[in-house]
Amino acid sequence: MSRHRAVRNLNLEEELYDEEDDGAIYDELQDISEDDQARLIKGVEAVKGAIGSDTGIEDREIKESLWYYFFDEEATIAWLQKTHKLKLKNTGNDHRSLDQIISAAPHRPSQQRLLRQSTPALTPLGQALGEPKHGGTNLSLKSLASSGSVPGLARLSLGSLSQRGSLSSLAKTGQPSGATTLSPSVVGKALAALKVRPSPEFPTAQSDSAQSHLMSSQGSSFKQTGQPSSMPVLKNFAGRQLPALKSVALGSCVDRTEAKQPERRRAALGAESLVLSSTTLYAGPSPLASFILSGLGSDSKGHVREVSRGTVVAALERDIRGVLEANKGEGDAKMKTLAKGVARLKVGGDDNDDQAVSSGAESADITPAVTPKRRIDVVAEYSVHQKNRETLNLVVVGHVDAGKSTLMGHVLYALGQVNERTMKKFERDAEKIGKGSFAFAWVLDETDEERSRGVTMDIATSAFSTQHRKFTLLDAPGHRDFVPNMISGASRADVAILVVDASTGGFESGFDGNGQTREHAILIRSLGVRQLVVAVNKLDVVEWSETRYLEITNRLVDFLTGCGYVKEDVRFAPVSGLKGVNLAHRITADGTPELASWYHDKDSASEPGPCLVELIDTFTMPERPVSKPFRLAVTDFFKGGTFSSANSVSVTGRISQGNVQIGEHVVMVPGGERGVVKAIDVDFVTEEWAVAGDSVVLMIQGLDIQHISVGSVVCTPERPIQCTTRFEAQLVVFDPPVPITNGFPGLLHMQSLNVPAVVSRIIETFDQRSGEVLKRRPRHIRKGATARVEIVAETPVCLELFKDSKELGRIMLRKNGETIAAGIVTAIYGG
Ligand SMILES: Nc1nc2c(ncn2[C@@H]2O[C@H](COP(=O)(O)OP(=O)(O)OP(=O)(O)O)[C@@H](O)[C@H]2O)c(=O)[nH]1
């Protein structure tokens with residue numbers, strides 16, 4: 001669905017007044033932890049020790065400055081000294097240069113908390129964002145951005161990039177000591193998170209009515225608000241909107257934001273000379289903002305234009321260059337440092353293809369593309385580092401409103417992935433629009449539309465760790481209109497949580513009739529998911545009734561084993577996502593006595609049973625086919641990325657099989673275009689190589705974006721995937737509204753691709769267990785039967801025989817919004 005949401009109405013009012021509460025300036029200092037309060041008090045004492053206690057400056061102002069400068073006393077003193085024209089009491093307190101302040105700036109407290117929780121080696125991005133490379137609290141870029149725990153990232157909204165202080169904010173995000181450049185990874189990755197949705201010029205064949213409905217409803221909302229019809233939507237790698245990054249503060253709006261800033265705060269934003277020219281604030285939009293205003297306009301047909309992130313970088317670069325010009329002569333050393341940072345914005349550009357991003361940056365000293373010094377034996381490396389690299393892709397599915405997002409939002413909160421302050425803000429904001437009970441769901445449901453409608457529409461991605469496992473979380477929509485999105489997410493999954501609503505009538509509406517509990521369970525099994533935890537949710541509503549729990553679990557055991565799950569691979573957990581019961585911690589008799597009275601550990605009746613997180617921690621790692629020919633089915637693509645050049649494209653997806661490394665030649669199927677991999681991000685972290693199972697962004701040079709579509713497969717040129725319109729499959733038919741006959745039309749789903757197709761020929765039906773042929777050339781296939789059929793797709797599709805690739809050899813057939821059959825590819829014909 002997201003691919004079709006080419007335009008979106010960004011609520012600028014809401015974004016710009018994000019920090020306000022009913023007109024009053026939101027008091028950041030109120031919400032900080034006791035530790036941080038203590039640090040502030042200590043900081044105030046230290047600052048007063050330096051500037052004197054008789055300056056007339058209120059403690060509160062000092063605290064605000066300390067908070068702003070992430071407890072950096074010297075920066076605070078410098079700022080106070082400058083604004084209040086103070087003479088320092090202690091002249092021996094020689095202030096550091098701005099460069100020093102930047103390079104030595106400690107992490108903001110929330111980052112420090114994150115870092116304390118996780119000690120693995122940090123990548124440049126990790127260092128900048130406090131993000132662990134693997135393990136520990138493996139926060140996604142998205143959650144970091146949304147948590148507000150990373151000031152630089154939070155300020156990396158396009159709008160704020162044109163504001164004073166944005167660069168210093170960036171630089172303050174905890175650079176490795178001594179490095180005073182803007183980290184390529186910080187900027188590159190934050191920019192990599194920017195995305196303009198592909199225009200309707202790149203449609204998929206999907207024609208779900210819900211999608212067209214959405215398109216039309218968005219169209220009307222644009223008319224109402226008078227927003228440019230082509231307002232960009234900024235998305236993370238999985239195609240989700242990034243809260244912090246969606247603040248497209250346009251030039252005119254910047255004035256209002258600034259006007260609302262208290263004087264000292266506004267001045268603080270401009271502290272030191274590392275600022276953008278004041279004209280960007282008061283004299284219309286900055287080059288970057290102008291770019292946003294002009295560059296994203298719709299074309300003559302009303303289509304959103306595809307915008308290169310490289311171009312965004314170039315615009316940003318021009319902005320920064322404006323600052324350099326405006327500040328000429330004012331601290332040359334600082335400016336040189338900044339110039340280096342500017343050059344680093346263009347990570348990975350080859351000398352001869354820099355023009356695309358370097359307009360206006362002729363003198364920049366360009367950091368060359370990251371190319372491996374030697375060819376890496378990835379399979380050998382993987383076998384050594386396997387433990388650290390192993391991530392399970394976990395999809396959360398279930399009927400609409402079963403409580404999936406609330407449950408997983410609460411799990412992330414309970415695991416410390418969402419800070420108190422952000423959670424409070426979600427609660428406040430959700431309350432304001434009368435959706436108080438959805439506050440935890442907002443952790444994952446990020447778009448305005450999802451929040452206001454209280455419905456998940458697209459796959460939300462996040463990352464977290466349990467004691468033994470690292471997970472990429474895929475929160476799927478439950479509504480039947482969004483099943484294609486759910487399939488796209490589930491096709492990336494190794495394991496799943498099926499959420500069912502235990503409330504009276506709630507379970508039944510999801511399970512009986514056309515409920516999505518059944519459909520989702522069948523779909524994920526058809527897509528290869530074997531291990532499942534069923535979260536029996538909303539048990540609080542039925543007073544933690546054991547009878548209700550047993551009724552639901554018994555029905556599900558029968559059903560799930562009937563559709564191919566092995567009983568031992570299915571576990572159950574009684575939970576309440578809303579109340580946070582039995583999620584990340586076992587229950588106690590004091591906390592939930594009703595549940596504690598019957599939910600016991602199977603080995604010890606005196607112990608409570610395992611909580612949800614413990615259960616998913618027991619999932620086993622599937623074997624990754626890392627040595628097979630490389631395949632990556634494209635789920636999304638865009639211009640620019642960590643590596644950016646005129647002819648480079650970033651593609652996202654999960655590697656189905658094989659491995660890839662920087663410098664590797666690849667081919668795009670269909671089309672046959674070749675390119676070279678210039679950069680690899682695995683779960684938001686820059687890496688030199690990636691293997692099967694990794695969710696990645698590959699920045700590939702040499703590809704034309706016009707020739708890529710969702711469902712294209714990036715392959716090794718030596719052994720490319722087959723591409724055809726005609727193939728043979730073995731289908732299990734579910735419950736089609738009409739019998740499947742020769743010429744039966746439907747929608748063919750494979751991985752993230754869906755195209756119109758027909759069952760051109762029914763070859764035979766056979767007994768699934770014995771393999772015995774029941775009827776050759778039957779006239780139709782009845783419900784529950786297994787058949788061998790020939791399928792003809794409207795456009796070429798990439799596939800493998802199931803015996804060669806379990807992921808790329810699975811298909812699904814849907815009609816009128818219902819899944820009617822799932823199957824495996826048994827023969828591929830030329831076509
Ligand atoms: N009482 C109670 N209500 C819950 C619980 N979990 C979720 N809810 C409520 O159920 C409603 C739907 O929750 P969501 O988390 O949006 O459900 P969802 O399954 O993610 O919805 P879709 O993704 O749109 O299908 C919200 O009002 C939640 O507050 C629970 O454990 N107990």
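Order of listing sets the numbers, starting from 1, for every ligand and every atom in it.
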If you count the atoms of ligand 1 from 1 in the order shown, which ones are under 4.0 Å from a heavy atom of [X]?
X: Asn537; result: 5 (C), 6 (N), 31 (O)
X: Thr406; result: 6 (N), 7 (C), 13 (O), 14 (P), 15 (O), 28 (C)
X: Ser576; result: 30 (C), 31 (O), 32 (N)
X: Gly577; result: 31 (O)

* Asked: With sequence neighbours left out, which residue pairs that include part of residues 593-603 fulfil the side-chain hydrogen bond (donor to acceptor under 3.5 Å, both in side chains) condition?
  ->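 Of all non-adjacent pairs touching residues 593-603, those that pass side-chain hydrogen bond (donor to acceptor under 3.5 Å, both in side chains) are Arg586-Asp601.
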
* **Validation row: Val682, Ser695 side chains within 4.5 angstrom (heavy atoms)** =>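 No, every pair of side-chain atoms sits at 4.5 Å or beyond.
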
* Asked: Roughly how far apart are Asn582 CG and Cys611 SG, rounded to 0.5 Å?
  -> 6.0 Å

Looking only at distances, please establish whether an N/O atom of ligand 1 is found under 3.5 Å from an N/O atom of [X].
X: Lys404; result: yes
X: Leu407; result: no
X: Gly403; result: yes
X: Val541; result: no

* To do: Using a strict cut-off of less than 4.0 Å between a Lys/Arg side-chain nitrogen and an Asp/Glu carboxylate oxygen, indicate whether Asp569 and Arg530 qualify as a salt bridge.
  =>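 Between Arg530 and Asp569 there is no salt bridge, as every charged N stays at least 4.0 Å from the carboxylate O atoms.
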
* Asked: Can you tell which part of Asp540 has a heavy atom less than 4.0 Å from ligand 1: side chain, backbone, both or neither?
  -> side chain

* Residues which pass ring pair (Phe, Tyr, Trp, His ring centres under 6.0 Å) with Phe440, listed by chain and number, not counting sequence neighbours ->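 With neighbours one apart ignored, the set is His410, Tyr413.
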
* Structure fact -> Judged by heavy atoms only, the candidate from Leu578, Val536, Asp475 nearest atom 2 (C) of ligand 1 is Leu578

* Structure fact -> Nearest non-hydrogen contact to atom 9 (C) of ligand 1 from the set Lys538, Lys579, Met408 belongs to Lys538

* Under 3.5 Å, side chain of Asp636 to main-chain N/O of Val651, donor-acceptor pair present? -> no

* **Aromatic centroids of Phe511 and Phe559 separated by under 6.0 Å** =>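 That pair passes the under 6.0 Å test.
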
* **Close approach, Gly398 and ligand 1, non-hydrogen under 4.0 angstrom** => no

* Report, as yes or no, whether the 6.0 Å neighbourhood of atom NZ on Lys815 holds more than 12 heavy atoms from other residues, nucleotides or ligands. => yes

